[in-house]
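Here the structure is laid out as structure tokens; the discussion comes afterwards.
Order of appearance sets the numbers: ligands from 1, and atoms from 1 within every ligand.
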Amino acid sequence: MDLGLNGKVVIITGSSDGLGASAARTLAKEGASVVICARNLQKLQAVTTEIAAAGGNVMAVQTDVTNPAHLENLVAQTVQRFGRIDALVNNAGRAAAQAFEQVSDAAWDDDLALKFHAPIRLSKLVIPHLRASGGGSILNILATGGKTPAAASMPSSVSRAAGMALTKAMSKDLGADNIRVNAVLIGLVESDQWVRRSASTGVPLTTIYSTLPRDNGIPLGRVGQAEEFADLIAFLVSPRAAFVSGCAINFDGGMSAAV
Ligand SMILES: NC(=O)c1ccc[n+]([C@@H]2O[C@H](COP(=O)([O-])OP(=O)(O)OC[C@H]3O[C@@H](n4cnc5c(N)ncnc54)[C@H](OP(=O)(O)O)[C@@H]3O)[C@@H](O)[C@H]2O)c1
């Protein structure tokens, strides 16, 4: 199936590593021009070199999404280089899961700054450009905890639940402009965050990936792969998903208790 992504311009936040980098690779292979961003310039440059070497059209903009001036620069540089924006994937995030009484005020503020306020600010900056393109897509990458918050899952599960409400409300506001807004709720997927967990705990990565499905009751019996995530993202931001808006799709191998 041709996704119709040729010539489309897609910004993906948190794309120097893990799932965001994988989505950037796939979107570039599908013909989109991709703008990747994160804080670590070296990692960004490595992904840029790899995508460009494979023939992809890519630009990296060093960005801390919690810094409003960085977001303005990201959008300005994208428009300057590519002249348009067709899709935004709000993906930058990190794990943050503790019991309620352990979460400090600062941890609540930090999590909401990264996972809630940053996507709001960046979406506001991007929307006029989506309108100018005749419509487009905003995709918020969340986590299954947003639908089914567990014990010791804060602040992330609460920030993600806010992201779900934001997704639905924005889809209602922006549909008349042919702007689709959706969310993908991640369960457990192979990515660099697990590589770092392995390094910090000394538990081999293969052991982590083999015990997670059992410990978390994943019906498909395995964790997801970054490339599988990337395929879903490519479809959702593409014109082939033209009638999909206002939904939150579980990407979790059936793990979540809620549809
Ligand atoms: N993998 C999973 O099992 C899983 C489960 C649930 C939810 N998720 C969510 O899925 C998304 C991707 O996760 P992942 O596993 O790919 O994570 P990852 O491997 O840790 O990658 C996170 C990316 O976000 C960037 N980032 C972090 N803070 C940032 C900031 N302030 N500004 C700009 N970029 C920032 C990181 O680069 P820098 O550090 O260089 O900025 C990196 O490129 C996240 O939102 C995560 O919470 C993942």
Side-chain angles (χ1 to χ4, degrees), residues 11-26 34-48 50 60-71 73-74 88-97 109-119 121-122 139-150 153-164 167 183-200 205 208-209 211-213 215-216 218 222-230 232-233 248-253 255-256:
I11 297 176
I12 310 160
T13 67
S15 34
S16 63
D17 243 342
L19 305 185
S22 187
R25 288 183 194 102
T26 296
V34 292
V35 179
I36 62 172
C37 73
R39 295 165 301 178
N40 184 313
L41 187 58
Q42 256 185 324
K43 284 187 179 176
L44 270 182
Q45 283 168 340
V47 177
T48 307
E50 185 198 329
V61 184
Q62 188 176 22
T63 305
D64 180 342
V65 295
T66 63
N67 182 328
H70 286 198
L71 297 179
N73 177 57
L74 172 66
L88 165 66
V89 183
N90 286 310
N91 169 73
R94 62 160 178 262
D109 288 348
D110 285 354
D111 208 60
L112 284 163
L114 176 62
K115 297 174 182 169
F116 190 58
H117 293 298
R121 281 200 191 97
L122 185 53
L139 196 49
N140 295 319
I141 307 307
L142 308 175
T144 51
K147 269 186 194 170
T148 52
S153 67
M154 287 162 275
S156 196
S157 59
V158 177
S159 306
R160 296 320 197 174
M164 283 182 52
T167 299
V184 171
L185 275 59
I186 313 281
L188 294 163
V189 183
E190 289 182 7
S191 81
D192 293 278
Q193 68 166 275
W194 298 111
V195 177
R196 291 194 301 275
R197 179 83 58 94
S198 168
S200 67
L205 191 59
I208 292 179
Y209 287 154
T211 52
L212 280 172
D215 294 350
N216 292 279
I218 302 178
R222 63 177 178 86
V223 295
Q225 292 178 351
E227 295 76 14
E228 295 170 325
F229 166 83
L232 177 61
I233 299 320
I249 297 175
N250 293 344
F251 181 76
D252 67 350
M255 180 179 80
S256 178

Per-residue contact class, [X] against ligand 1 - non-hydrogen pairs under 4.0 Å:
| X | answer |
| --- | --- |
| R160 | side chain |
| L114 | side chain |
| A118 | neither |
| R196 | side chain |

Selection from [options] by shortest heavy-atom distance to [atom]:
| atom | options | value |
| --- | --- | --- |
| atom 5 (C) of ligand 1 | S191, A226, G187 | G187 |
| atom 16 (O) of ligand 1 | V223, D17, L19, V65 | L19 |
| atom 45 (O) of ligand 1 | I141, D110, N91 | N91 |

Identify, by atom number and element, the atoms of ligand 1 in contact range of [X], meaning under 4.0 Å from any of its heavy atoms.
| X | value |
| --- | --- |
| W194 | 1 (N), 2 (C), 3 (O) |
| G18 | 16 (O), 19 (O) |
| D192 | 19 (O) |
| N40 | 40 (O) |
| D64 | 30 (C), 31 (N), 32 (N) |
| L188 | 3 (O) |
| T63 | 32 (N), 33 (C) |

Return the closest protein heavy atom for [atom] as residue, atom name and distance.
| atom | answer |
| --- | --- |
| atom 24 (O) of ligand 1 | G14 CA, 3.2 Å |
| atom 17 (O) of ligand 1 | Q193 NE2, 3.6 Å |
| atom 22 (C) of ligand 1 | G93 O, 3.8 Å |
| atom 35 (C) of ligand 1 | A92 CB, 3.8 Å |
| atom 39 (O) of ligand 1 | R39 NH2, 2.9 Å |

Nitrogen or oxygen of K115 less than 3.5 angstrom from that of ligand 1 |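 No, there is no polar N/O contact under 3.5 Å.
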Answer yes or no: does an N/O atom from C37 fall short of 3.5 Å to an N/O atom of ligand 1?
-> no
Is ligand 1 less than 4.0 angstrom away from at least one heavy atom of [X]?
| X | answer |
| --- | --- |
| H70 | no |
| T13 | no |
| R94 | yes |

Do V184 and I233 come close enough that some side-chain heavy atom pair is under 4.5 Å?
->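 Heavy-atom side-chain distance check passes, below 4.5 Å.
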Donor-acceptor pairs are to be reported for all side-chain atoms of residues 15-22 against protein atoms at under 3.5 Å, with residues two or more places apart or in another chain.
from	atom 1	to	atom 2	distance (Å)
S15	OG	I12	O	2.6
S15	OG	C37	N	2.9
S15	OG	C37	O	3.4
D17	OD2	K43	NZ	2.9
S22	OG	A226	O	3.2

State whether a side-chain donor-acceptor pair under 3.5 Å links D111 with S159.
-> yes
